[in-house]
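All values reported here derive from a predicted model rather than from experimental measurement. Just so it is clear: chains get the letters A, B, ... in the order the sequence lines come, proteins before strands, and each one is counted from 1.
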Amino acid sequence: MKKLGHSFYQRDAEKLARDLVGTILVRRVRGRECRARIVEAEAYLGPHDLASHSSKGRTKRTEVMFGPAGHAYVYLVYGMYEMFNIVAGKTGGGQAVLIRAAEPLNGWKADLSGPGKLTRAFKITRDLNGLDLTGDTLYLVYDPDYRPRTRRAKRIGVEYAREWKNELLRFYDDRSTAVTHRFRP
DNA sequence: GCGTCGATGGCA
DNA sequence: GCCATCGACGCG
């Protein structure tokens, strides 16, 4: 299976979010390796998208969102949960994809059915903010043998985003049990 | 199964 | 004063 390179991430966030469903996330920490299949992802389109952090402009927090694609954007929400995003599109575009859920592989038992649970299990914290995802500690691989049944729906937890709250920018694998039942249309 | 609520800290 | 959340609790 092939590691995803920078060119894969340089597509627009909406397309990247769809294409990331079914790929495999790999985490290496202290000689151990964890793998999981991504089953849910959300696109955040840039400064014009009121749900996107980049709509607040370029700040210390959002800086990496405006950086090159294929890097990790990790931030803290509700004082206790880290969110793992992948920067997408052209440099300066402020686009990213939030990884919301995954299914553990290789006999690994873990509940990855939510963005906060996923980062906890993968030990993804803010010290990985800005990390190049084509390196060895956190990266993705393409699985040519898996064909997800991908559906799209509204994003979660963006009620504040006015008309943008209704955009169908969340993509999930309909075959996965890790996508919470209540988040299905 | 569902609605409600509190935890907890960085940010503008 | 918000949050790109989660888990505990009460219901009947």
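Comment: A:Glu33 engages A:Arg28 in a salt bridge, judged by a side-chain N to carboxylate O separation of less than 4.0 angstrom.
Taking atom C1' on both nucleotides, C:dG7 is separated from B:dG10 by 22 Å, rounded to a whole Å. Comparing C:dG12 with B:dC5, their P atoms are spaced 16 Å from each other, to the whole Å.
Using a 4.0 Å heavy-atom criterion, one finds that A:Lys56 contacts no nucleic acid atom at all. Using a 4.0 Å heavy-atom criterion, one finds that A:Met83 contacts the sugar-phosphate atoms exclusively. Using a 4.0 Å heavy-atom distance criterion, A:Arg120 is classed as a sugar-phosphate-only contact. Using a 4.0 Å heavy-atom cutoff across all strands shown, A:Arg182 reaches no nucleic acid atom at all.
The aromatic ring of A:Tyr44 sits over the base of C:dA4, with ring centres less than 5.5 Å apart and planes inclined by under 30°. Ring-base stacking between A:Tyr78 and C:dT5 is satisfied, the centre separation being under 5.5 Å and the plane angle under 30°.
Checking B:dA12, C:dA4, C:dC6 against every side-chain atom of A:Pro115, the shortest atom distance belongs to C:dC6. Of the candidate nucleotides C:dA4, C:dT5, B:dG10, B:dG10 has the atom nearest to the side chain of A:Leu76.
Side-chain contact between A:Ile124 and A:Glu82 is absent, with no heavy-atom pair separated by less than 4.5 Å.
For DNA chain C, each stem of at least three Watson-Crick or G-U pairs (distances under 3.5 Å) is given as range with range: B:1-7 with C:5-11, B:9-11 with C:1-3.
With rounding to whole Å, A:Glu63 atom CD is found 13 Å from B:dC11 atom P. A:Asn85 has its CG atom 17 Å from the P atom of C:dC3, to the nearest Å. Taking atom CE on A:Met80 and atom C1' on B:dC11, their separation rounds to 16 Å, with Å as the unit. If you measure from atom NE2 of A:His181 to atom P of B:dG1, you get 7 Å, rounded to the nearest angstrom.
Judged by distance alone with a 3.5 Å cut-off, a donor-acceptor contact links the side chain of A:Tyr75 to the base of C:dA4.
Taking the six-membered ring for Trp and thresholds of 30 and 60 degrees, A:His71 and A:His6 have nearly parallel ring planes, at less than 30 degrees apart.
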